[in-house]
*Asks:* 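I am attaching a structure below and will ask some questions about it afterwards.
By convention here, the first residue in the shown sequence is residue 1. Just so you know, these numbers come straight off a predicted model, no measurement behind them. For the numbers below, each heavy atom of this structure counts, side chains included, while hydrogens, waters and symmetry mates do not.
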Amino acid sequence: MGIKRIFITFKNFLFSNVNKQFLVFMFFLLLSGIFWLIITLNETYEQEIKIPARIVGIPKNVVLTSIPVDTVRTTIRDKGWVMMTYLYTDRLGTIQIPFKPYDHGRGTGTVGTTELKRMVEQRLELSSKVTAIKPDRLEFSYNNGECRRVPVRWAGRVIPDQLYFISHVEYMPDSVEIYASTEKLDSIRAVYTEALNFVNFRDSLTVDCQLAHIPDVKIVPDRVKIKFHTDVLTEETISNVPIHCLNLPKGKVLRTFPRHAKIHFVAGVSQIRSLRAEDFKVVADYHEISESHKEKCNLYLREVPRGVSRAVLETKEVDYLIEDE
């Protein structure tokens, strides 16, 4: 009984005089919209449409070394209703380019403008016209599996905060395989990342980055992780660094006063704990001493451990005595 009452109420509401006028208005509005859509879709339009493309039939021993063009941007002219099918359905599909017919046999291949246009037109309605294609030709390069493993290096601007420095760079992986022609394989010594830009960081920084593209070279993998380890810079002094004498004749001994050198330097806190005096090399030159006849001999800092910067000798001249053994 309740459902019947609701139905009667809805019927009276729907077919009242006011609602009848509203329904008539909506009918003619819908009808005019249909006519407008028919007229609009019957007009001619020109639209750029992206069509997927890929090379097929690649022999098992062949490796493509160039970045394959995976999209052909085609400008098509036709009626609106035809363009709708191109834009909103899979009508065009994927252009499959066979490898063998376009292989030059010298590590390269080319699909010319005419052939590329023909492949596109085969997928279109007879009424459609191609007015432009980008790129106008497809080129690819390959090799027969020759590869080489080369190290990864970072490139760009990576600067930690003041009083910090990069103590160590860790690559994951630290090397990659490259596929290219023999000439390029022989010339490439390292693969670099795309330009990095990180500044004012304190904690160790991990970056997932793309490797920079090299023309006609395939890189596997083409992405790496890089971890920049940081440390705090501090000034330090190390004493008791032994003084060595260069070019000293047999049977001669150089004695300096003092016997050891003192060096001021800057390094990371974690590195300072492991530094020893023997890690530095301070020398005097017997040839210079014998030629100058000065009362003091010059000292030179020849070697410092990796990661140590701004290293200077506290004293650059010392008294000396040359004796026979």
*Asks:* Do the side chain of Arg255 and the main chain of Leu321 share a donor and acceptor less than 3.5 angstrom apart?
*Replies:*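 No.
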
*Asks:* Is a salt bridge present between Arg118 and Glu121, judged by a nitrogen-to-oxygen distance below 4.0 Å?
*Replies:* no

*Asks:* Under the side chain to side chain contact (heavy atoms under 4.5 Å, CB included) rule, what do Leu246 and Tyr286 come out as? Steps first, then yes or no, please.
*Replies:* CA-CA 6 Å; Leu246 302 178; Tyr286 178 82; over 6 Å; no

*Asks:* Under 3.5 Å, side chain of Thr131 to main-chain N/O of Thr75, donor-acceptor pair present?
*Replies:* yes

*Asks:* Apply the side-chain hydrogen bond (donor to acceptor under 3.5 Å, both in side chains) test between Tyr142 and each candidate in Asp216, Asp103, Asn61, Thr65; give the one that qualifies.
*Replies:* Asp103

*Asks:* Taking the basic N atoms (NZ, or NE/NH1/NH2) and the acidic carboxylate oxygens, is any pair closer than 4.0 Å for Arg91 and Glu125?
*Replies:* yes

*Asks:* Does Phe265 have its ring centroid less than 6.0 Å away from the ring centroid of Phe280?
*Replies:* yes

*Asks:* Could you please spell out the steps behind the side-chain hydrogen bond (donor to acceptor under 3.5 Å, both in side chains) verdict for Gln47 and Tyr86?
*Replies:* CA-CA 10 Å; Gln47 176 73 36; Tyr86 294 155; over 6 Å; no

*Asks:* Do the side chain of Asp136 and the main chain of Ile133 share a donor and acceptor less than 3.5 angstrom apart?
*Replies:* no

*Asks:* I'd like to check the ring pair (Phe, Tyr, Trp, His ring centres under 6.0 Å) partners of His244; sequence neighbours left out, ordered by chain and number.
*Replies:* none

*Asks:* Would you find a donor on one side and an acceptor on the other, under 3.5 Å apart, between the side chain of Arg123 and the backbone of Ile51?
*Replies:* no

*Asks:* Using a 3.5 Å distance criterion without hydrogens, assess whether the side chain of Glu146 forms a donor-acceptor pair with backbone atoms of Ala180.
*Replies:* no

*Asks:* Could you tell me if the ring centre of Phe140 sits under 6.0 Å from that of Phe99?
*Replies:*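 Ring centroids of Phe140 and Phe99 are less than 6.0 Å from each other.
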
*Asks:* Report the residues that fulfil side-chain hydrogen bond (donor to acceptor under 3.5 Å, both in side chains) with Asp231, sequence neighbours left out, ordered by chain and then residue number.
*Replies:* Ser270

*Asks:* Does Ile97 belong to the same Ile/Leu/Val/Met/Phe/Trp/Tyr cluster as Val130, with side-chain heavy atoms less than 4.5 Å apart forming each link?
*Replies:*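 Yes.
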
*Asks:* Examine distances only and state if a side-chain atom of Thr94 and a backbone atom of Pro52 form a donor-acceptor pair shorter than 3.5 Å.
*Replies:* no

*Asks:* Please evaluate residues Ile238 and Glu236 with respect to the criterion side chain to side chain contact (heavy atoms under 4.5 Å, CB included), reporting the C-alpha separation (whole Å), side-chain torsions for both, the decisive distance (0.1 Å), and the verdict.
*Replies:* CA-CA 7 Å; Ile238 192 165; Glu236 188 59 61; 5.9 Å; no

*Asks:* Heavy atoms only: give me the nearest Ala284-Leu254 pair and the separation to one decimal.
*Replies:* CB-CD2, 4.0 Å

*Asks:* Please lay out, stage by stage, how Glu314 and His264 fare under the test side-chain hydrogen bond (donor to acceptor under 3.5 Å, both in side chains).
*Replies:* CA-CA 7 Å; Glu314 184 180 69; His264 303 288; 3.2 Å; yes

